[in-house]
S.K.: 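Have a look at this one.
Just so you know, ligand 1 is whichever comes first in the structure, and atom 1 is the first atom listed for that ligand. Only a predicted model underlies this, so the values are computations on that prediction, with no experimental measurement involved.
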Amino acid sequence: MRQDADMKKAKAVINRIKKAGYQAYIVGGAVRDYLLEKPIHDIDIATSAKPEMIQQLFSKVIPIGINHGTVLVRYQHQSFEITTFRTEKGYSDFRHPDEVYFVESIEEDLSRRDFTINAMALAESGEIIDPFDGQADLKLKRIRCVGQAKQRYSEDPLRILRALRFVSQLNFNLDQQSYDTIKTYNHWIKKIAIERITVELVKLFQGQASRRAVNYAIQLGVFQQLPVFEQNEKLVQPLLDYSQTVDYLVEIWTYLILKVEDAPLLSNWCKAYRLSNKEKLVGQTLLEAWRCYQEESLSKWLLYQLPPDLDDVFIRLISQLTSTRVTTKQLIAIRESLPIVSRKQLDINGDRLIKLYPNRTRGPWIKLYLTEIEYEVVQKNLNNDYKEIKEWILSCHPPERS
Ligand code: ATP
Ligand code: MG
């Protein structure tokens with residue numbers, strides 16, 4: 001199993017640090033997921049050694065956040081984030097702690113962490129260091145802050161969204177203190193940089209219990225504090241009906257655009273949440289596919305334009321917005337029946353088309369006509385044969401006489 005192999009390598013890294021006379025532990029999400037017997041994505045290590053010492057101990061070290069005590073170590077083709085034991089003071093920009101202090105003990109390091117289930121350390125020996133009863137909370141399936149909830153959420157209000165995304169990923173509940181604090185102070189979220197919010201929202205919607213998390217977020221007035229929703233409260237409730245795990249955040253925004261009357265445009269959502277151009281394109285493709293679907297159901301033209309990696313997303317959208325069930329098999333069958341898979345395969349191109357209209361100057365008409373031809377060929381209304389295409393286009397658009 002990959003997981004065991006990664007843990008073994010992490011222990012070898014720890015062993016090397018310990019041999020040099022320092023303490024080192026696996027910390028954070030890796031310990032939590034190990035105890036839950038879930039797949040571990042990345043292994044973070046906390047150590048009493050300073051970054052400079054780690055740089056001496058390993059040959060491949062990337063100083064990714066050296067001011068905060070973090071370096072990335074490559075060891076046997078695996079990456080480990082190694083951070084010196086530290087605590088934090090003040091979050092005046094709500095992004096980075098004002099000052100980072102290195103501390104001596106793992107317990108102090110654990111006390112800066114957000115939730116009890118994320119504040120455990122695993123020693124090389126297998127011993128679990130758990131000063132805040134994270135293991136008990138794992139059993140109770142509960143998200144509880146390390147220390148006083150009000151203080152912890154006010155230091156870094158992103159923790160509000162982190163709490164909800166762990167609810168979603170782990171199918172846990174919020175403890176009463178978190179619940180009450182978030183309900184009262186949900187407006188603190190506004191202080192957080194949108195990029196950080198987007199990262200947590202993606203994880204929230206991708207989690208297995210996203211519905212539970214969305215339910216909490218609505219009850220606690222969290223969505224109502226987020227961009228776009230803030231000005232359009234009617235966008236909030238339909239989120240509850242989206243009962244499936246998503247691939248992209250834009251999938252949710254697309255759903256809302258199609259579901260809610262007068263919803264903001266895709267470009268507004270993408271801008272507000274700083275989505276990448278790639279993700280925006282996914283949104284555009286889905287909206288266009290939906291438009292096609294409305295007009296002519298599962299046509300060849302639709303499948304010609306829909307990239308196969310969006311099949312699942314599109315199927316989910318249809319199932320959320322209609323009572324129809326479409327299967328991947330259906331989509332694949334239609335795609336296999338397509339006469340061409342790209343415009344390049346058309347038996348005509350721009351140059352040949354221009355020659356059919358010698359009295360015309362170049363212009364947008366070329367692209368327009370090519371698209372018309374492409375549509376007819378894809379839909380099998382017209383054979384992909386130059387002679388037939390020529391006849392058809394000249395009959396649709398007779399050339400002007402000179
Ligand atoms: P994932 O599996 O998604 O990576 P994770 O628990 O490892 O989950 P990260 O965001 O990678 O989450 O953070 C690593 C650890 O750093 C957390 O487990 C937690 O101990 C600590 N941490 C991260 N963000 C915060 C925060 N905003 N406030 C306090 N502690 C944090
Ligand atoms: Mg992590």
S.K.: Against heavy atoms of His41, which atoms of ligand 1 measure under 4.0 Å?
M.R.: 2 (O)

S.K.: Please compare Asp114, Asp33, Asp156 and report which has the shortest non-hydrogen distance to atom 29 (C) of ligand 1.
M.R.: Asp114

S.K.: For ligand 1, which atoms, with element, lie under 4.0 Å from some heavy atom of Lys203?
M.R.: 3 (O)

S.K.: Using heavy-atom distances only, which candidate in Arg152, Arg165, Arg113, Glu81 approaches atom 3 (O) of ligand 1 most closely?
M.R.: Arg165

S.K.: Just verifying a value: how many Å separate Ile389 CD1 and Leu394 CG, rounded to the nearest 0.5 Å?
M.R.: 11.5 Å

S.K.: How long is the span from the OG atom in Ser48 to the CD1 atom in Ile106, to the nearest 0.5 Å?
M.R.: 9.5 Å

S.K.: Which atoms from ligand 1 have a heavy atom of Gly29 less than 4.0 Å away?
M.R.: 5 (P), 6 (O), 7 (O), 18 (O)

S.K.: For Asp44, take its heavy atoms, then give the atoms of ligand 1 lying under 4.0 Å from any of them.
M.R.: 14 (C)

S.K.: Looking at Gly28, which atoms of ligand 1 are within less than 4.0 Å of one of its heavy atoms?
M.R.: 18 (O)

S.K.: To the nearest 0.5 angstrom, please state how far the SG atom of Cys292 sits from the CD atom of Glu288.
M.R.: 5.0 Å

S.K.: Which word best sums up how the rings of Phe205 and Trp253 line up, parallel for under 30°, tilted for 30 to 60°, or perpendicular for over 60°?
M.R.: perpendicular

S.K.: Between the side chains of Arg86 and Glu108, is the shortest nitrogen-to-carboxylate-oxygen separation below 4.0 Å, so that they form an ion pair?
M.R.: no

S.K.: Nearest 0.5 Å, please: how far is OG1 in Thr285 from NZ in Lys280?
M.R.: 12.0 Å

S.K.: Please work out whether any backbone atom (N, CA, C, O) or any side-chain heavy atom from C-beta onward of Arg32 is under 4.0 Å from ligand 1, and answer side chain, backbone, both or neither.
M.R.: side chain

S.K.: Taking the six-membered ring for Trp, are Trp269 and Phe229 closer than 6.0 Å centroid to centroid?
M.R.: yes

S.K.: When you measure from the heavy atoms of Phe166 to every atom of ligand 1, does any distance fall below 4.0 Å?
M.R.: yes

